[in-house]
Amino acid sequence: MINIKFPDGAIRQYEKGISALAIARSISEGLAKKVLAASVNGVVQDAHRPLDKDASLQLLTWNDADAKSTFWHSSAHLLAEAIEAQFPGVKFWVGPAVEQGFYYDMDLGDRKITEEDLALIEKKMAELAKKDSSFERIEISKQEAIRYFSEKGDEYKLDLLQGLTDGEITFYKQGAFIDLCRGPHIPSTAPIKAIKLTSLAGAYWKGNEKNKMLTRIYGISFPTQKELDDYLLMLEEAKKRDHRKLGKELGIYTMDDDVGPGLPLWLPNGTILIEELERLAKETETAAGYKRVVTPHIAKESMYLTSGHLPYYADSMFPPMEMDGEKYYLKAMNCPHHHKIFDAEPKSYRELPFRIAEYGTCYRYEQSGELFGLMRVRCLHMNDAHIYCSKEQFFEEFKAVNEMYLKYFTIFGIDKYVMRLSLHDPAKLGQKYVNEPVLWQETEAMVRKVLIDTNTPFVEVQDEAAFYGPKIDVQIWSAIGREFTLATNQVDFNSGIKFKLSYTNKENHPETPLIIHRAPLGTHERFIGFLLEHYAGKFPLWLAPVQVRVLPISDKFLGYAQQVEQALKKAGIRAETDDRGEKIGKKIRDTELLKIPYMLVVGEKEMSEGKVAVRRQGKGDLGAQPVGEFVALASQEIISRKSE
RNA sequence: GCCGUUGUAGCUCAGUGGUAGAGCACUUCCUUGGUAAGGAAGAGGUCGUGAGUUCAAUUCUCAUCAACGGCUCCA
């Protein structure tokens, strides 16, 4: 007998060799049907597998994240089974579960799968799922596994086998499909009741662009049709807050073929957003001791050779213009220009930290396939600044930058993000990263200390650093789930050396400053794209391009409406009047759809009393108040940059 | 850059081998209406661009550009 401990602390005895599934069945048949996998001593495994010693056991059902990914991984096998049935001879690479669903990568040879085929494959999957084939786990020796795939002529699975050692190799079989797989899987195919193949894409083998491109099919599956319907509905909802859609509807920005890809044109409403963000940034930075500078949009090749950017990033800079035998590049970053400003006059330790900020535009030749609305563009307004400081000052300076992020995040109510400490990969020193092993280690330790000392939750990621030093990135997700870096705070121990920057220290010796590159608001483009999705277009009053719209009941009151508009404008409030010959219901509807925060309805009653009937977007009628009172309240809401 | 899909009016989309349609938006007129769509009329598109096939191309073929979904990249 063995002792099995349950999550509630209860311990029960079972016969040695019993499976988690059988234990579930002993509790209730209903539970057994719902069990998808088992967590044994914290390790997820097949619910079928025999338990041969004491263990703590958790039966995993659909509501457990681990069970979901097991379910999706099994769905990927089902996908492969369906494809093998319809396209015999297809070679499979890997088919993991992802955050929302699963995919399988395959080599179709000369054949092609079209989007129409996806519907057929879906059907086939449903058919196969109904057969309720169990997922059988087969332990196999490496030699046998190699023989099996050699006979099949499957170079992909043979490649996978190379990385595995004997004794840990398993196959899984369901129906007619056998795959090299470490598992775990759900007990059988029947629970997979609702399937949607969502997209057909290409993906480089092993994620390397020099390799062959495989065909990838993405899909998602659920235990019930309703859950699939709900998921598809949620996707529709997410699309409604896509910044590209809202950006168009709210007149924020536009793109034009004649201007060029990735080069947004900021419309008047979008320009107000930029100006408000810059106003916030300038106030914040002035208070934090930054000075503002302005630098040209181009510079000579020699500067980018000095900075070391050219060897790393030439491909993602616009090609140079030749003038008088010199090559000039459009700037892709402000740093080198700022270093030259630091270097313009001799510096004493008394002038450090030297903090300079700029809101200039930079130009990056992003790969055409990477462009994405406002989130990834070729012309970007950086919320950029550089801090030159001593080693002793570094900790406080870096910490202050982090605190500045958090202050901004509070203002905008941003709470869904991940702080990512990006480190170098020692194997790539001298290639992707400057070859200063000691400095890397020192600065990485300093940055980590800032995060730990400030109790900031973070994740560490290898091989994501900038070429000149480690950094902290703030990762966010777009409405459709794509990940982006919103803000960044980077250490640079290298540019100071490259540009021969120095200051005179207390002992009257020259010393190289450390440099912090920071952009708490990232780029205006990405930040505004993010904010559009974050607020679903319903900006807080201080940011809203149009803050108040005055709606006369009929044009008899147009004159009064315009007086109210003037009073608002005089108080610095962005206001306009709806002077169309429409009914009030129509005017309200249109204004609601434009997500203008306040509507002031004025008619006979309001005009005679010098009032306005206030209506808040999304909230409805708030009642009448004197014009002056509304102006005062609205002004207060704007000044405090209140988020609703 | 690579794989796949798409490209018709300002927007969302229908449609056809014989040079085009709807709804919303827009303009004008009627209506002067009290908290999410009042009515009528009108204007608006060389069907992304270039070439080929054809008596004839927006429709078929090819190329190209752009957008979209991924992959790769992101100072």
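Here is the naming used below: chain letters follow the sequence lines, and residue numbers restart at 1 for every chain.
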Quiz item: What interatomic distance, in whole Å, is found between C1' of B/G17 and the corresponding atom of B/U54?
Solution: 9 Å
Quiz item: Quick one: do A/Arg244 and A/Glu249 make a salt bridge, cutoff under 4.0 Å?
Solution: no
Quiz item: For RNA chain B, whose closest nucleotide is more 5', that of A/Tyr365 or that of A/Gln490?
Solution: A/Tyr365
Practice problem: Tell me what A/Ala332 touches on the nucleic acid: a base, only sugar-phosphate, or nothing, going by heavy atoms under 4.0 Å. | Solution: base
Quiz item: Which of these nucleotides, B/C74, B/G38, B/A37, is closest to any side-chain atom of A/Glu582?
Solution: B/G38
Quiz item: Between A/Trp205 and A/Glu115, which is nearer to the 5' end of RNA chain B once each is assigned its nearest nucleotide?
Solution: A/Glu115
Quiz item: Going by atom types only, do A/Tyr468 and A/Gln490 share a side-chain donor-acceptor pair under 3.5 Å?
Solution: yes
Exercise. In whole angstrom, give me the gap between the C1' atoms of B/A57 and B/C62.
Key: 14 Å
Quiz item: Looking across every strand, which nucleic acid part, if any, lies under 4.0 Å from A/Arg244 by heavy atom: base, sugar-phosphate, or nothing?
Solution: sugar-phosphate
Self-check item: Partner nucleotide of B/U46 by Watson-Crick or wobble geometry (both distances under 3.5 Å)
Solution: none
Practice problem: From the options A/Asn494, A/Asp463, A/Asp425, select the one residue that forms a side chain to side chain donor-acceptor pair (under 3.5 Å) with A/Tyr433. | Solution: A/Asp463
Quiz item: Which nucleotide in the list B/G34, B/A36, B/A75 gets nearest to the side chain of A/Ala466?
Solution: B/A75
Quiz item: What does A/Ser199 touch in the nucleic acid at a heavy-atom separation under 4.0 angstrom: a base, only the sugar-phosphate, or nothing?
Solution: sugar-phosphate
Practice problem: Verify side chain to side chain contact (heavy atoms under 4.5 Å, CB included) between A/Ile83 and A/Ile121, making sure each step is shown before the conclusion. | Solution: CA-CA 7 Å; A/Ile83 288 170; A/Ile121 297 167; 4.0 Å; yes
Quiz item: Given atom CE of A/Met382 and atom P of B/A75, what is their separation to the nearest angstrom?
Solution: 10 Å
Quiz item: Picking from B/C74, B/A75, B/U35, which would you name as closest to the side chain of A/Lys432?
Solution: B/C74
Quiz item: Do NZ/NE/NH1/NH2 and the carboxylate oxygens of A/Arg376 and A/Glu366 come within less than 4.0 Å?
Solution: yes
Exercise. Grab the CD-C1' distance between A/Gln431 and B/C73 for me, whole Å please.
Key: 17 Å
Quiz item: Where the side chain of A/Lys586 is concerned, which of B/G33, B/A37, B/U5 is the nearest nucleotide?
Solution: B/A37
Quiz item: What integer number of Å spans the C1' atoms of B/C73 and B/C3?
Solution: 16 Å
Quiz item: Base, sugar-phosphate, or nothing for A/Arg615, non-hydrogen atoms under 4.0 angstrom?
Solution: base
Polar atom pairs between nucleotides 27-31 of chain B and protein, under 3.5 Å, N or O only, would you list them?
none

Exercise. Using the P atoms only, state how far B/G4 lies from B/A63, rounded to an integer number of Å.
Key: 12 Å
Exercise. Check every strand shown and say whether A/Glu464 touches a base, only sugar-phosphate, or nothing at a heavy-atom separation below 4.0 Å.
Key: nothing
Self-check item: Selected nucleotide, minimal atom distance to A/Ala201 side chain, candidates B/G70, B/G34, B/G4
Solution: B/G70
Exercise. Scan every strand shown for a Watson-Crick or G-U wobble partner of B/C71, both distances under 3.5 Å, and answer none if you come up empty.
Key: B/G1
Quiz item: How would you label the contact of A/Gly585 with the nucleic acid (heavy atoms, under 4.0 Å): base, sugar-phosphate, or nothing?
Solution: sugar-phosphate
Quiz prompt | A/Ile113/A/Ile217 under side chain to side chain contact (heavy atoms under 4.5 Å, CB included): CA gap, chis, key distance, verdict | solution = CA-CA 9 Å; A/Ile113 285 182; A/Ile217 297 178; 4.0 Å; yes
Quiz item: What does B/A36 pair with, Watson-Crick or G-U, if both distances are under 3.5 Å?
Solution: none
Quiz item: For residues A/His243 and A/Ser478, is any side-chain donor paired with an opposing acceptor at under 3.5 Å?
Solution: no
Quiz item: In terms of side-chain heavy atoms of A/Arg376, which of B/C73, B/A37, B/G34 is nearest?
Solution: B/C73
Exercise. Check every strand shown and say whether A/Gly207 touches a base, only sugar-phosphate, or nothing at a heavy-atom separation below 4.0 Å.
Key: sugar-phosphate
Quiz item: Across the strands shown, which category fits A/Phe372 at heavy-atom distances under 4.0 angstrom: base, sugar-phosphate, nothing?
Solution: sugar-phosphate
Quiz item: Among B/U32, B/A75, B/A66, which is the nearest nucleotide to the side chain of A/Asp257?
Solution: B/A66
Quiz item: With a non-hydrogen cut-off below 4.0 angstrom, is A/Lys210 in contact with a base, only sugar-phosphate, or nothing?
Solution: nothing
Exercise. Return the value, rounded to whole Å, for the distance between atom CG of A/Asp315 and atom P of B/A75.
Key: 14 Å
Quiz item: When you compare B/A9 with B/G44, how far apart are their C1' atoms, in angstrom units rounded to a whole number?
Solution: 6 Å
Exercise. Name the nucleic acid region contacted by A/Lys605, choosing base, sugar-phosphate or nothing; use a 4.0 angstrom heavy-atom cut-off, strictly under.
Key: base
Quiz item: Which part of the nucleic acid does A/Glu249 contact within heavy-atom distance under 4.0 Å: base, sugar-phosphate only, or nothing?
Solution: nothing
Quiz item: For A/Phe318, what residues pass the ring pair (Phe, Tyr, Trp, His ring centres under 6.0 Å) criterion, not counting sequence neighbours?
Solution: A/Tyr365
Self-check item: C1' spacing across the pair B/U58 / B/C47, given as an integer number of angstrom
Solution: 4 Å
Quiz prompt | Option passing side chain to side chain donor-acceptor pair (under 3.5 Å) with A/Asp107 (candidates A/Trp93, A/Trp205, A/Tyr156) | solution = A/Tyr156
Quiz prompt | Watson-Crick or G-U wobble mate for B/A22, both contacts under 3.5 Å | solution = B/U12
Quiz item: Reckon A/Lys619 has a side-chain N or O less than 4.0 Å from the OP1 or OP2 of B/U35?
Solution: no
Exercise. Please determine, for B/U53, whether a Watson-Crick or G-U wobble partner exists with both distances under 3.5 Å, and give it or none.
Key: none
Practice problem: Evaluate whether the aromatic ring of A/Tyr218 and the six-membered ring of the B/G70 base sit under 5.5 Å apart, centre to centre, with an inclination under 30°. | Solution: no
Practice problem: Could you tell me whether A/Ala203 contacts a base, only the sugar-phosphate backbone, or nothing, with contacts defined as non-hydrogen atoms closer than 4.0 Å? | Solution: sugar-phosphate
Exercise. Provide the distance between the two C1' atoms, one in B/U12 and one in B/A75, to the nearest whole Å.
Key: 40 Å
Self-check item: Sugar-phosphate only, base, or nothing, as touched by A/Ile584 at under 4.0 Å among non-hydrogen atoms
Solution: sugar-phosphate
Exercise. State which of B/C2, B/G34, B/C74 makes the closest approach to the side chain of A/Met213.
Key: B/C2
Practice problem: Run the salt-bridge test on A/Glu582 and A/Arg580 with the 4.0 Å N-O cut-off and return the result as yes or no. | Solution: no
Quiz item: Nearest to the side chain of A/Arg580, which nucleotide is it out of B/U35, B/C26, B/A37?
Solution: B/C26
Exercise. Could you tell me whether A/Arg549 sits above the aromatic face of A/Tyr598, with NZ or CZ closer than 6.0 angstrom to the six-membered ring centre and within 45 degrees of the axis?
Key: no
Quiz item: OP1 or OP2 of B/G1 sitting under 4.0 Å from any side-chain N/O of A/Ser368?
Solution: yes
Quiz item: Taking atom types as they are modelled, is there a donor-acceptor pair under 3.5 Å from the base of B/G70 to the side chain of A/Tyr204?
Solution: no
Exercise. For A/Arg482, answer base if it contacts any base atom (sugar-phosphate contacts may also be present), sugar-phosphate if it contacts only those atoms, and nothing otherwise; contact means non-hydrogen atoms under 4.0 Å.
Key: sugar-phosphate
